Amino acid sequence: IGLLVYQWVSNSSGPSKSRRDLSSVKKLTVEGKVREAMTILTDMQKDFPKDAEILELLGDLNTKQDRLEVAISDYRKSLEIDSTRRQIHPKLARLYLMTGLNKQAIEEQANIERTIIQGPQSKEFFIEVAQLYRLSRIRSKSAEIDHHRPSHSVDVRTRQCHRSKARSRGAVIDEST
């Protein structure tokens, strides 16, 4: 049996190949070769459909390619397989905000808070949380500005109405504004 295990581990399709491929995917991603990394990961996902790390990396790459709905699906599947992958929660929350799924973003915020309370996390986790916080602040400021600023079309209609009334009174209108 020991020989069979050794042969299985040293076989190119065994777990050691999987880890080597994941390392090469991460390296390609850092180098900006997202398509190549995606090709390798997609092939790996066929061989290892229940590998949560592969699904998380697919989510990362789909996010980089602005395939946000697919990335959300990848992250959710990863969490279904391995619920201890807490670093996914801020990624999901950010994508939910970006796609307008605010209710889901709030639910993920609760998961993030529970994760922080549970104890120490990786540096990457807190970087994701910081990026999420920044995005949510930008979104809320943008919504606040939009709420207080009249839309351009209303402003144009108002000016046209005022000009029309002024013309009817015989006033000379400066059309340059």
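Owing to the predicted nature of the structure, the values given are computational and were not obtained by experimental measurement. Computed over heavy atoms, backbone and side chain alike; hydrogens, waters and symmetry mates excluded.
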Test of understanding: clusters of I, L, V, M, F, W, Y form through side-chain heavy atoms closer than 4.5 Å, transitively. Do [X] and [Y] belong to the same one?
X: Y96; Y: L58; answer: no
X: L68; Y: L135; answer: yes
X: I81; Y: M44; answer: yes
X: F48; Y: I88; answer: no
X: I54; Y: I40; answer: yes

Quiz item: Do R35 and Q65 have a side chain donor and acceptor closer than 3.5 Å?
Solution: no
Quiz item: Does the pair L92 and L79 meet the rule for a side chain to side chain contact (heavy atoms under 4.5 Å, CB included), with working shown?
Solution: CA-CA 10 Å; L92 262 176; L79 279 172; 3.7 Å; yes
Is any side-chain heavy atom of [X] closer than 4.5 Å to a side-chain heavy atom of [Y]?
X: E36; Y: T39; result: no
X: N102; Y: L97; result: yes
X: I72; Y: T99; result: yes
X: R94; Y: T63; result: yes
X: E56; Y: D74; result: no
X: L57; Y: L61; result: no

Practice problem: Could you give me the CA-CA distance, side-chain angles and deciding distance for V129 and I112, then say whether side chain to side chain contact (heavy atoms under 4.5 Å, CB included) is met? | Solution: CA-CA 8 Å; V129 170; I112 293 166; 3.9 Å; yes
Looking only at heavy atoms, what is the nearest atom pair of [X] and [Y], with distance?
X: A93; Y: A105; value: O-CB, 3.9 Å
X: Y75; Y: G59; value: OH-C, 3.2 Å
X: S78; Y: A52; value: OG-O, 2.7 Å

How long is the straight-line distance from [atom2] of [Y] back to [atom1] of [X], given to the nearest 0.5 Å?
X: K77; Y: D51; atom1: NZ; atom2: CG; value: 13.5 Å
X: H89; Y: R114; atom1: NE2; atom2: CZ; value: 8.0 Å
X: K33; Y: L28; atom1: NZ; atom2: CG; value: 6.5 Å
X: S24; Y: L41; atom1: OG; atom2: CG; value: 8.5 Å
X: K123; Y: Q87; atom1: NZ; atom2: CD; value: 14.0 Å
X: M38; Y: D43; atom1: CE; atom2: CG; value: 11.5 Å

Quiz item: For F126, does the CZ atom sit with more than 12 other heavy atoms under 6.0 Å from it, leaving out its own atoms?
Solution: yes
Self-check item: Atom CZ of R85 with >12 non-hydrogen neighbours under 6.0 angstrom
Solution: yes
Exercise. Report the C-alpha distance between L55 and D82 in whole Å, list the side-chain angles of each, state the deciding distance to 0.1 Å, and finish with yes or no for side chain to side chain contact (heavy atoms under 4.5 Å, CB included).
Key: CA-CA 10 Å; L55 286 164; D82 183 0; over 6 Å; no
Practice problem: Considering only NZ, NE, NH1 and NH2 on the basic side and carboxylate oxygens on the acidic side, decide whether E80 and K50 come within less than 4.0 Å. | Solution: no
Exercise. Using a strict 4.0 Å threshold on nitrogen-to-oxygen distance, state whether K91 and E108 make a salt bridge.
Key: no
Quiz item: What do the steps show when you test Q118 against R86 for side chain to side chain contact (heavy atoms under 4.5 Å, CB included), and what is the final call?
Solution: CA-CA 11 Å; Q118 288 174 352; R86 296 181 180 124; 3.0 Å; yes
